[in-house]
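Working notes, structure below.
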There are 2 protein chains.
Amino acid sequence: MSAMNAQIQPILKIGAVAKAAGVSIDTVRFYEGRGLLPSPQRSASGYRLYDQSTIERLNFIGRAKGLGFTLNEIMLLLDLQDKGGSKAEVKSITGAKLEQIERKIEDLQRMRSVLGKLNSDCSGSGSVTGCPIIEALVDGDSDDCCK
Amino acid sequence: MSAMNAQIQPILKIGAVAKAAGVSIDTVRFYEGRGLLPSPQRSASGYRLYDQSTIERLNFIGRAKGLGFTLNEIMLLLDLQDKGGSKAEVKSITGAKLEQIERKIEDLQRMRSVLGKLNSDCSGSGSVTGCPIIEALVDGDSDDCCK
DNA sequence: CTTTACTCTAGTCTAGACTCTAGGGTGTAT
DNA sequence: ATACACCCTAGAGTCTAGACTAGAGTAAAG
């Protein structure tokens, strides 16, 4: 009972893998269509049949999404894993993503500083007339930093 | 020559306002459709006719976009300006946006720290086997921070 | 008068990641 | 036998902020 145990894996239908991975059934089918999941086996009546590894793959995708990767990028990462790429290839993807994230953080920090200043400059009471926030948008005082 | 000078404003066609505001003609029409710009006067042949104030309004929109506001939010701000809202209403919009920006910055910083660590943990040479980046995605070591 | 530049409407397309719909078949419990 | 949950396909719809297209009319310059 050592070899030939390929059939022992529990067979899961789409609802079960989806639930186990915390995604919707639609999402599982959508990922299949996008090539992130291989076409699964089918039952006689056409039901998709999965095993545990699909849940792991869905978790991989979820974690990668949590780190900011797009589905296209995740597909590249999965391909490197499946077909055995190089560490350098992986690093080039993550490195690019890291730069992207850094640029986005800088943008948002810039927005935060301008908006934070405007927000604290505004008394918050009375009519909109003379509101420093609106004035800044009208006059363009903030152009240097936000456009 | 003091009163009744409403007609003196230079009349601009869509291409001119678009150019002056640094947006495309499509964008001007799109904003009109979205209600960000009022329906302009039309020439006998149906051309949209604008005056200077439209350029200012487009600049307002551009600056607000630069601060991270969506077109829907910008519409609210413009309404407050047009119909005379209160400073409190303006502040509630900008305050919410500020919080949103802060949350997004935190998300991105979290991603950056996880990804930065993984990226520097990976030697970058050799096959993908044992790559700490891929391993983290497979094993879920990063779940605490990225999902 | 002709060329070139501009404008009009209505509609389609993009990216990203799903989500939903319609109209049907399957499986199991009572 | 029938109710109910589950599954199937194909395709359309969602959101954001426009970009682009076709086919046609208009304006200004030479």
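These figures come from a predicted structure and were not determined experimentally. Values below: every heavy atom of this structure, side chains too, minus hydrogens, waters and symmetry copies. Below, read A as the first sequence line, B as the second, and so on, with proteins coming before strands; counting in each chain starts at 1.
- Atoms OG1 and CD, from A/Thr70 and A/Glu73 in turn, are 3.5 Å apart once rounded to the nearest 0.5 Å.
- Between B/Leu58 and B/Tyr31 there is a side-chain heavy-atom pair separated by less than 4.5 Å.
- A salt bridge links B/Lys117 and B/Asp121; the closest N-O separation between the charged side-chain nitrogens and carboxylate oxygens is under 4.0 Å.
- Here A/Ser24 reaches the OP1 or OP2 of C/dT19: one of its side-chain N or O atoms lies under 4.0 Å away.
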Evaluation steps, side-chain contact (heavy atoms from CB on, under 4.5 Å), between A/Phe30 and A/Leu37: CA-CA 9 Å; A/Phe30 175 70; A/Leu37 295 176; over 6 Å; no

Output one line per pair: protein atom, nucleotide atom from nucleotides 2-6 of chain C, and distance, for all N/O pairs under 3.5 Å.
residue	atom	partner	partner atom	Å
C/dC6	O2	B/Tyr47	OH	3.4

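- B/Thr70 comes within 4.0 angstrom of sugar-phosphate atoms only, judged by non-hydrogen atoms across all strands, and of no base.
- Side chains of B/Gln81 and B/Val90 form no contact here, defined as non-hydrogen atoms less than 4.5 Å apart.
- First and last contacts of DNA chain D with chain B, using any nucleotide atom under 4.0 Å from a protein heavy atom and ordered 5' to 3', fall at D/dT16 to D/dA27.
- Donor-acceptor pairing under 3.5 Å is recorded for the side chains of B/Ser86 and B/Glu89.
- Taking every heavy atom of residues 26-34 of chain B and every atom of DNA chain D, pairs under 4.0 Å involve B/Asp26, B/Thr27, B/Phe30, B/Tyr31, by number.
- In this structure, the side chain of B/Arg42 does not engage the main chain of B/Leu49 through any donor-acceptor pair within 3.5 Å.
- A donor-acceptor contact shorter than 3.5 Å links the side chain of A/Ser120 to the backbone of A/Gly116.
- Nearer the 5' end of DNA chain D, as judged by each residue's closest nucleotide, is the contact made by A/Ser45, out of B/Ile61 and A/Ser45.
- Using a cutoff of 4.0 Å between basic side-chain nitrogens and carboxylate oxygens, A/Asp82 and A/Arg57 are scored as salt-bridged.
- Side chains of B/Ser53 and B/Asp51: a donor on one and an acceptor on the other come within 3.5 Å.
- Positionally, the nearest nucleotide of DNA chain D for B/Leu71 lies more toward the 5' end than for the other of B/Ser43 and B/Leu71.
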